Visitor: 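One structure, as structure tokens, below. Some questions next.
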Amino acid sequence: MSAHVVARRQIRGPNPQYRTLLDTMVLTERGARFELLQPDSQKSLLLSVSPCKNNTVRILIDELQPIKARYRVPDVLVGEPQGERMSVERQSKDSVTLSWSSGRHQVRVWHFPFRLEILCEDEVMVTFNSKGKLWFETLQEPPSSLWKETFKEFVDIKANGPSSIGSDLCLHGFSHVYGLPEHADDLQLRDTRDGEPYRLYNLDVFAYDVYSRFGLYGSVPLLVAHKPDRTLGLFWLNASETYVNVHYSPSEHQQTDVHWLSESGVIDCVVLLGPGPQQLFSQYAQLTGYQALPPLFALGYHQCRWNYNDEADVKAVDAGFDQHDIPYDVIWLDIEHTDGKRYFTWDPEHFPEPAELQHHLQRKKRKLVVISDPHFKFDPGWLLYNEAREGGHFVRDREGQIYLGSCWPGNRTVFLWLNCSCLIQGSTPSLFLWNDMNEPSVFGGPEQTMPKDAVHHGGWEHRELHNLYGFYQHMATAEGLIARSGGSERPFVLTRSFFAGSQRYGAVWTGDNVATWEYLEISIPMILSLSITGIAFCGADVGGFFRDPEPELLVRWYQAAALQPFFRSHCAIWSKRREPWLFGEEVTAAIRTVIKQRYCLLPFWYTLFHQAHTSGLPPLRPLWVEFPRDESTFSVDNQYMIGDEYLLFLHLLSVELFLFLSWFNCLGRHAGGALLACPVIKPGVEEIKVLLPGSDEVNQPPGNTFICFDGLADGELYLDDGHSFSYRDRKAFCLRRFNMLSGRLLCREDGAFDCDTVIQSLTVLGVKNKPSTVVVHLSGEEHLPDNYSSTFKKQSLQSAVTDEAKTGCDKHSGQTISRQDNNTQYKLKE
Ligand code: NOJ
């Protein structure tokens, strides 16, 4: 396969050494530029270094004088963060040191061999080209023998010769790195010396292997490094086929060497300097965009299969949820609902009244999602096909003809250019979309995808932008949905293929998994890896796509997925029906419990998504994100946090997940809190061991729910209309912050959302003695009106917490105050 050739060429070397021509340095408003010279070939490169106010440094290397422009990834970065001016700190014939932010940050550029160090407070954090692996194949005029590569029966013609690029970066003091989805592997990246590098090349992989570094459906070229006092990121902005080698050297100098290699484009690498995980998430979100705030329904439960056969089938499944008292929000239709695999149409026999079907569901406030793949049936009799063809919207082959591949519509399938959207006939406002096969998947194509020399809009070869194809379909679909409502409603679009920045357009799922325990297990690190690289709204097919899960696995999968952001059951056309009530009353009851608990927690999930949308913090966080100094957490990926640290809820986990989930009753009703999750992922398990991290990082249990501790606690709750952009355009939201300190609970509110949600009761745990009075401050007044009542119960904090877990809010412990009001400050006086 051609890219393996790329990787081999670069890894084998010899790697030419570059010289920095220090006297070519130009300082600009946004950083500095230097020429790099390769003495043997006399080829010159242009290096720019641009520090930004948000603690990031961008390193860009291109040819000094390319014969034509090389591809630079467009549309992924959401805007240039404010640049910093650098000044010369020190200069000699060997190096120049430039500094910014009052000397706190520096870059040192070495003359020979060229390398670039980034220093924070005089400590070298990262060295670019530390091992001298900088590689830059310059574009050439034809011809050359290297320009034709063959892979099986496929021939790849490289118009301007091989154009691969690469470099290594040394991360000083780090021995844990993460990120680079999508791989079905552990969260912490492995040392790749024992085998293959991590591959980033979006592919439709049939029943993918677990514990593999082979590329899957999407790519985010962000690597996150963590050590107790620093979290750092390397973002390699390149959309061509990319490989990453990771070499840990823990014993020698505690460093990690990362070698990036891409098939073409330019070197565009942003170093994110943290210093903590939260700053890193924020820096990355400022660069590639924040997670879109999903409509509230999208955080509920979704029911899907390939396929629900017809309108009667959909209505029967919908009614089944009511009959079995199981809440759900969305039912999905796969490819069979279309008229002969023409997306945007309906099979006239099985779906003759699509709008009526949508109204039927909408009357119960439920939604319909339909699939729309990026390929088109080659059908000159189909209006939409003709419009797309006349508009010049199809990908072409290297001879300039419309590229014909094979996919669901058959052997004569054509593929949309990037960035086109179409509207579905019979669409009502409760119809949403699912983008699949958008790697793009081409049956029988090289590695089941499009040839690299196919040509896109603007004349760019597919090789340049392969990993962006799904990103653009997702973008176009989301923008199409926004346009449908005239710009007022939030879209919901699920995509299989993705790239950095896809978080701006909706949700991602992990593709075609299998109904076995190992796929349930791997779903957790896969989703954590997506979460820390910006793709916060993600999930895996509940129950496994291929094959049929045994009931125990199905229940455990529901329990695990209820604790993941995107919660959808889905299976293949060959799998047996799997609606929750088909496995006997015990299974139905277990699934009902889990789904109900998910719904109890919706305000909590929504608040976390608001946080992701505004701060970049993902709802799901590996333990080290919340306990950054506790090294015992750094390799853990079967447990994770939902929200911030919250220790007291952990004790229940060692018993059983059912019991753990019963916690959600109380949390859900109170909203705004944080959980540690440790789903059961093995058969026959009755007890699991849970790591309770951070014991020396927090002095008091920092509860941040309405169930507060009489100590230090804070938290927030976010509400809005759940579907429109009014929260953004008219500040129509309510962000309520709670803060508990020394017996005083403060509620403050931001936003202008008129909602009828009231606080009915408040439970304070850990109150040692019965308070003599409870004072309520309302708009500055101090009083205790008649409609308050309070109770006090003495018991240990732990048993109070346990009671809350077992019985939800029905059984209170501690001090309970009841009243209906919004703007209140409560003060307990002992
Ligand atoms: C592949 C997708 O991964 C799967 O979820 C879907 O059901 C099939 N394509 C059919 O559309």
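These figures come from a predicted structure and were not determined experimentally. Both ligands and their constituent atoms are indexed starting at 1 by order of listing.
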Visitor: Is the shortest side-chain N to carboxylate O distance from Lys365 to Asp329 below 4.0 Å?
Guide: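 Result for this pair is no, no salt bridge flagged.
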Visitor: Between Lys596 and Asp325, is there a side-chain N and carboxylate O pair less than 4.0 Å apart?
Guide: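 The answer is yes: the pair qualifies as a salt bridge.
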Visitor: Is the distance between the ring centroids of His302 and Phe567 less than 6.0 Å?
Guide: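 So the answer is no for these two rings.
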Visitor: Ignoring hydrogens, what is the shortest heavy-atom contact between Gly470 and Thr495? Give both atom names and the distance.
Guide: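 That closest heavy-atom pairing would be O-OG1, 4.3 Å.
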Visitor: Could you walk me through whether Phe583 and Ile591 pass side chain to side chain contact (heavy atoms under 4.5 Å, CB included), step by step?
Guide: CA-CA 10 Å; Phe583 302 85; Ile591 296 177; 5.5 Å; no
Visitor: Using heavy atoms and a cut-off under 4.0 Å, could you grab the residues that are in contact with ligand 1, chain by chain, numbers ascending?
Guide: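 Within 4.0 Å of ligand 1, protein side: Trp306, Asp334, Ile335, Ile371, Trp408, Trp434, Asp436, Met437, Arg496, Trp509, Asp512, Phe545, His570.
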Visitor: Less than 6.0 angstrom separating the ring centers of Tyr217 and Phe498, yes or no?
Guide: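 Ring-ring flag for Tyr217/Phe498: false, centres at least 6.0 Å apart.
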